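Below: one structure, written as structure tokens.
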Amino acid sequence: MANKYSISGYCIIEGGKISLNGQEFFTVPEGTLFTDFAKQAYKFTETDYPKFFKMDNLSKLSFLAADLLLKGQIADGSNNTALLFANASSSLDTDVKYNDSIADRENYYPSPAVFVYTLPNICIGEISIRHKLYTENSFFIFEAFNPAFFANYASILLDTGKAENVLCGWVEFFKDEYKAFMYLVSKENGPEHTAKNIQTIYQS
């Protein structure tokens, strides 16, 4: 019989709003640009991580959601939480910005600070550094949100003992349109970790 795991916490960030475990946590006026929203959310959550301001938008989005779910856990390298992320546009938002910086030969200004974020899994690295996670981590690209994949892959990581918890995330950012849906899978109490329940929470 397959082991049963639970969704022990979840966070959704979209359209200038952060909800945590189904409750409104933080919001800004409609129309606020993501850069301003991210700064205000950083201050509101009392996050102390100056490198945040050097990140690309996808990493900021991912970092904010992950930090809320992992807050309170001691960052000493003993936390065996795997990271399983995905999206549809990869790092396209940053790719476009970097391409713009090298497209004009008369105004050629490639930025190493931008180039380093032209891979989507860099956001996982930022979270791992912050929380000292020396664990399994993967970033996949799908055409659309895929709850069955998250349910199956996370269960495999837990069943095989490669992780004690799994932080799953759909983190999408392109041209200031964004959504982060992140949740923690564990043996603690909460909704059962099934594709149906994942989809229901994602759409909430």
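By convention here, the first residue in the shown sequence is residue 1. Computed from heavy atoms alone, side chains included, the values below leave out hydrogens, waters and symmetry copies. Just so we're clear, the structure is a prediction, and the values are computed from it rather than from any experiment.
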[X] side, atom [atom1]; [Y] side, atom [atom2] - distance, nearest 0.5 Å:
| X | Y | atom1 | atom2 | value |
| --- | --- | --- | --- | --- |
| Gln40 | Thr35 | CD | OG1 | 9.5 Å |
| Thr194 | Lys4 | OG1 | NZ | 10.0 Å |
| Lys175 | Ser89 | NZ | OG | 11.0 Å |

Inset, instruction - Report the relative orientation of the aromatic rings in Tyr178 and Phe173; use parallel for angles under 30°, tilted for 30 to 60°, perpendicular for over 60°. - result: parallel
Inset, instruction - Kindly assign one of parallel, tilted or perpendicular to the pair Tyr153 and Phe149, based on the angle between their ring planes and the thresholds 30° and 60°. - result: tilted
Is there a path of hydrophobic side-chain contacts, each under 4.5 Å between heavy atoms of I, L, V, M, F, W or Y residues, that connects [X] with [Y]?
| X | Y | value |
| --- | --- | --- |
| Ile13 | Ile127 | yes |
| Ile141 | Tyr202 | no |
| Tyr183 | Phe140 | yes |
| Ile198 | Leu69 | no |
| Ile129 | Leu119 | yes |

Shortest non-hydrogen contact from [X] toward [Y]:
| X | Y | value |
| --- | --- | --- |
| Leu157 | Thr160 | O-OG1, 3.4 Å |
| Ile7 | His193 | CG1-CD2, 3.8 Å |
| Ile124 | Ser138 | CD1-O, 3.4 Å |
| Ile201 | Ile12 | O-CD1, 3.4 Å |
| Leu84 | Ala154 | CD2-N, 4.0 Å |
| Pro147 | Gln199 | CG-OE1, 3.2 Å |

Inset, instruction - Could you check Phe63 against Tyr42 for ring pair (Phe, Tyr, Trp, His ring centres under 6.0 Å), going step by step and ending with a plain yes or no? - result: CA-CA 10 Å; Phe63 187 94; Tyr42 175 93; 7.9 Å; no
Do [X] and [Y] have side-chain heavy atoms sitting under 4.5 Å apart?
| X | Y | value |
| --- | --- | --- |
| Lys71 | Thr45 | yes |
| Phe52 | Glu126 | no |
| Phe85 | Ser62 | yes |
| Asn146 | Trp170 | no |
| Val171 | Met182 | yes |
| Phe145 | Phe150 | yes |
| Leu58 | Asn87 | yes |
| Ser128 | Leu83 | yes |

Between the side chain of [X] and the main-chain N/O of [Y], is any donor-acceptor distance below 3.5 Å?
| X | Y | answer |
| --- | --- | --- |
| Tyr10 | Gly22 | yes |
| Asp56 | Ser59 | yes |
| Asn137 | Thr135 | yes |
| Thr81 | Asn165 | no |
| Asn152 | Ala148 | yes |
| Lys60 | Phe34 | no |

Sequence neighbours left out, what pairs pass salt bridge (Lys or Arg N to Asp or Glu O under 4.0 Å) with at least one residue falling in [range]?
| range | value |
| --- | --- |
| residues 137-157 | none |
| residues 9-23 | Glu14-Lys179 |
| residues 184-195 | none |

Legend entry - More than 12 heavy atoms of other groups within 6.0 Å of Glu30 CD: no
Inset, instruction - Please say whether more than 12 non-hydrogen atoms of neighbouring residues, nucleotides or ligands are located less than 6.0 Å from CD in Gln203. - result: yes
Legend entry - Check against side-chain contact (heavy atoms from CB on, under 4.5 Å), Phe181 and Glu172: CA-CA 9 Å; Phe181 167 55; Glu172 185 66 68; over 6 Å; no
Legend entry - Pair Phe25 and Phe44, ring centroids less than 6.0 Å apart: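 They qualify: ring centres under 6.0 Å apart.
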Inset, instruction - Report the C-alpha separation of Phe37 and Asp176 in whole Å, then their side-chain angles, then the decisive distance to 0.1 Å, and conclude whether the side-chain contact (heavy atoms from CB on, under 4.5 Å) test is met. - result: CA-CA 11 Å; Phe37 164 73; Asp176 225 49; over 6 Å; no
Inset, instruction - Evaluate side-chain contact (heavy atoms from CB on, under 4.5 Å) for Leu70 paired with Leu167, printing each intermediate quantity in order. - result: CA-CA 9 Å; Leu70 297 176; Leu167 182 65; 4.1 Å; yes
Inset, instruction - Let me know which of Leu64, Asp67, Leu68 forms a side chain to side chain contact (heavy atoms under 4.5 Å, CB included) with Cys11. - result: Leu68
Legend entry - Distance-only donor-acceptor check, side chains Ser6 and Ser8, under 3.5 Å: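 No pair is found: no donor N or O on one side chain lies under 3.5 Å from an acceptor on the other.
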Inset, instruction - Check the side chains of Asp159 and Tyr5 for a donor-acceptor pair under 3.5 angstrom, ignoring hydrogens and angles. - result: yes
